[in-house]
Colleague: 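Have a look at this one before I ask anything.
All heavy atoms count here, side chains included; hydrogens, waters and symmetry mates do not.
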Amino acid sequence: MPTTPATATHSSSNGTAEAIMLELVDENGTTIGTAEKLAAHQAPGQLHRAFSVFLFDEQGRLLLQRRALGKYHSPGVWSNTCCGHPYPGESPFAAAARRTYEELGISPSLLAEAGTVRYNHPDPASGLVEQEFNHLFVGMAQAALKPDPEEVGETAFVTAAELEKRHADGPFSAWFMTVLDAARPAIRELTGPSTGW
């Protein structure tokens, strides 16, 4: 598995590697423990905390990213602006802002919570499972993007109509439509009714 900032192990003070840990949660989103990141995604999957970010430009277009080919999970597919997992004890809001900067080189403007959604999406290509309690965020992308090529293969700003066509052509992440549909009320509030979201 390629090492990226999202999957790399961190060195502890004594020089040994520490695995990336995720927060395991119950059906209400209450933390009940931790698990190593890859283990949490192996079938049948363990329910864990995650986040999804949707950023828009001034014209109300959604920033999509195509996941880098080196990603261990869902490589090369299009997905929402940014998604990931808080470290144990890290707030979802802080994690969303941190990972957006790490992956895309920008700090989101007007980042706001947009609810939560719980889902179970197997990824047929990898055999991994997304069992997630996902915190949704919407905001604005108001700076030049500086994507990390180990995380992001490509970016695109799309209108609602352009997204519909792209989604039909695929490929998109297994979780994309679930998180987009759950975030739509907050997206409409942010972008206005004329954008078609």
Colleague: If you draw the axis of the six-membered ring of Trp78, does the NZ or CZ of Arg67 fall within 45° of it and under 6.0 Å from the ring centre?
Modeller: no

Colleague: Begin with the C-alpha distance, continue with both residues' side-chain angles, and end with the deciding distance and a verdict on side chain to side chain contact (heavy atoms under 4.5 Å, CB included) for Leu47 and Asp26.
Modeller: CA-CA 7 Å; Leu47 184 59; Asp26 64 17; 5.8 Å; no

Colleague: Taking all non-hydrogen atoms of both residues, which atom of Pro88 and which atom of Thr34 are closest, and how far apart?
Modeller: CG-CG2, 3.8 Å

Colleague: I need the Phe176 CZ to Ser74 OG distance, nearest 0.5 Å.
Modeller: 13.0 Å

Colleague: Can you find a side-chain donor-acceptor pair between Glu154 and Gln65 that sits under 3.5 Å?
Modeller: no

Colleague: Report whether Leu111 and Val179 are members of the same hydrophobic cluster (ILVMFWY, side-chain heavy atoms less than 4.5 Å apart, transitive linking).
Modeller: no

Colleague: How long is the straight-line distance from OG1 of Thr195 back to CD1 of Ile187, given to the nearest 0.5 Å?
Modeller: 9.0 Å

Colleague: Taking NZ, NE, NH1 and NH2 as the nitrogens, is one of them in Arg184 or Asp181 under 4.0 Å from a carboxylate oxygen of the other?
Modeller: yes

Colleague: Answer with yes or no whether the side chains of Thr155 and Arg66 bring together a donor and an acceptor at under 3.5 Å.
Modeller: no

Colleague: Please name the pair of heavy atoms, one in Ala141 and one in Ile106, separated by the smallest distance, quoted to 0.1 Å.
Modeller: CB-CD1, 3.8 Å

Colleague: Are Thr31 and Leu24 side-chain neighbours, meaning at least one heavy-atom pair lies under 4.5 Å?
Modeller: no

Colleague: Have Tyr119 and Glu130 got a donor and an acceptor in their side chains that come within less than 3.5 Å?
Modeller: no

Colleague: Any sub-3.5 Å donor-acceptor pair from Trp197's side-chain atoms to Gly60's backbone N or O?
Modeller: yes

Colleague: NE2 of His121 to CE of Met177: how many Å apart, nearest 0.5 Å?
Modeller: 10.5 Å

Colleague: Is the side chain of Gln59 donor-acceptor paired with the backbone N or O of Arg61 at a distance under 3.5 Å, no angle test?
Modeller: no

Colleague: Quick one: does Asp123's side chain have a donor or acceptor within less than 3.5 Å of a partner on Gly127's backbone?
Modeller: no

Colleague: Surrounding OH of Tyr101 (heavy atoms of other residues, nucleotides or ligands, distance under 6.0 Å), is the total greater than 12?
Modeller: no

Colleague: Answer yes or no: is there a donor N or O on one side and an acceptor on the other, between the side chain of Glu162 and the main chain of Thr159, under 3.5 Å?
Modeller: yes

Colleague: Mind telling me whether Phe172 and His167 have parallel, tilted or perpendicular rings, with 30° and 60° as the class edges?
Modeller: tilted

Colleague: Assigning hydrophobic clusters by single linkage (Ile, Leu, Val, Met, Phe, Trp, Tyr; side-chain heavy-atom cutoff under 4.5 Å), is Phe133 placed with Ile20?
Modeller: no

Colleague: Between Leu55 and Met140, what is the shortest heavy-atom contact and its length?
Modeller: CD2-N, 3.8 Å

Colleague: For the residue pair Leu163 and Leu180, establish whether any side-chain heavy-atom pair is separated by less than 4.5 Å.
Modeller: yes

Colleague: How far apart are the closest heavy atoms of Ser173 and Ser79, and which atoms are they?
Modeller: OG-OG, 2.8 Å

Colleague: Supply the atom-to-atom distance Leu62 CG to Thr191 OG1, rounded to the nearest 0.5 angstrom.
Modeller: 9.5 Å

Colleague: Report the C-alpha separation of Trp175 and His41 in whole Å, then their side-chain angles, then the decisive distance to 0.1 Å, and conclude whether the ring-ring contact (aromatic ring centres under 6.0 Å, His included) test is met.
Modeller: CA-CA 13 Å; Trp175 61 87; His41 288 88; 9.0 Å; no

Colleague: Look only at the side chain of Ser126 and the backbone of Leu128, and say whether a donor-acceptor pair between them is shorter than 3.5 Å.
Modeller: yes

Colleague: Between Arg188 (side chain) and Pro193 (backbone), is there a donor-acceptor pair under 3.5 Å?
Modeller: no

Colleague: Decide whether Ser109 and Gln142 meet the rule of one side-chain donor and one side-chain acceptor closer than 3.5 Å.
Modeller: yes

Colleague: Counting only heavy atoms from other residues, nucleotides and ligands, does the tally under 6.0 Å from CD of Glu90 exceed 12?
Modeller: yes

Colleague: Roughly how far apart are Asn28 CG and Arg118 CZ, rounded to 0.5 Å?
Modeller: 11.0 Å

Colleague: If we only count heavy atoms from C-beta on, is the Phe54 to Val138 side-chain gap below 4.5 Å?
Modeller: yes

Colleague: Would you say the side chain of Asp57 lies within less than 4.5 Å of the side chain of Leu63, judging by non-hydrogen atoms?
Modeller: no

Colleague: So His135 and Phe51, ring-ring contact (aromatic ring centres under 6.0 Å, His included) or not? Walk me through it.
Modeller: CA-CA 4 Å; His135 297 256; Phe51 64 83; 9.0 Å; no

Colleague: Below 4.5 Å, heavy atoms only, C-beta onward: do His85 and Arg49 meet side chain to side chain?
Modeller: no

Colleague: Measure the shortest side-chain to side-chain distance between Leu136 and Glu113 over non-hydrogen atoms and say whether it is less than 4.5 angstrom.
Modeller: no

Colleague: Does the side chain of Glu132 come under 3.5 Å of the side chain of His48 through a donor N or O and an acceptor N or O?
Modeller: yes

Colleague: Can you tell me how far apart CG (Leu64) and CZ (Arg166) are? Round to the nearest 0.5 Å.
Modeller: 6.5 Å

Colleague: Passes side chain to side chain contact (heavy atoms under 4.5 Å, CB included), Thr81 versus Leu104? Steps please.
Modeller: CA-CA 9 Å; Thr81 307; Leu104 294 160; 3.6 Å; yes

Colleague: Let me see the working for Lys71 and Glu151 under side chain to side chain contact (heavy atoms under 4.5 Å, CB included), right down to the final yes or no.
Modeller: CA-CA 7 Å; Lys71 302 279 275 186; Glu151 296 290 339; 2.5 Å; yes

Colleague: Identify the heavy atoms of Ala186 and Ala114 that sit nearest to each other, and give their distance.
Modeller: CB-CB, 3.4 Å

Colleague: I want to check something: taking the side chain as every heavy atom from C-beta on, are Met21 and Tyr87 in contact at a cut-off of under 4.5 Å?
Modeller: no

Colleague: Are more than 12 heavy atoms from other residues, nucleotides or ligands located less than 6.0 Å from atom CD of Glu164?
Modeller: no

Colleague: List the atom of Ala50, the atom of Pro86, and the distance in Å for their closest heavy-atom pair.
Modeller: CA-CD, 4.0 Å

Colleague: Are any side-chain N or O atoms of Asn80 and backbone N or O atoms of Val53, one a donor and one an acceptor, separated by less than 3.5 Å?
Modeller: yes

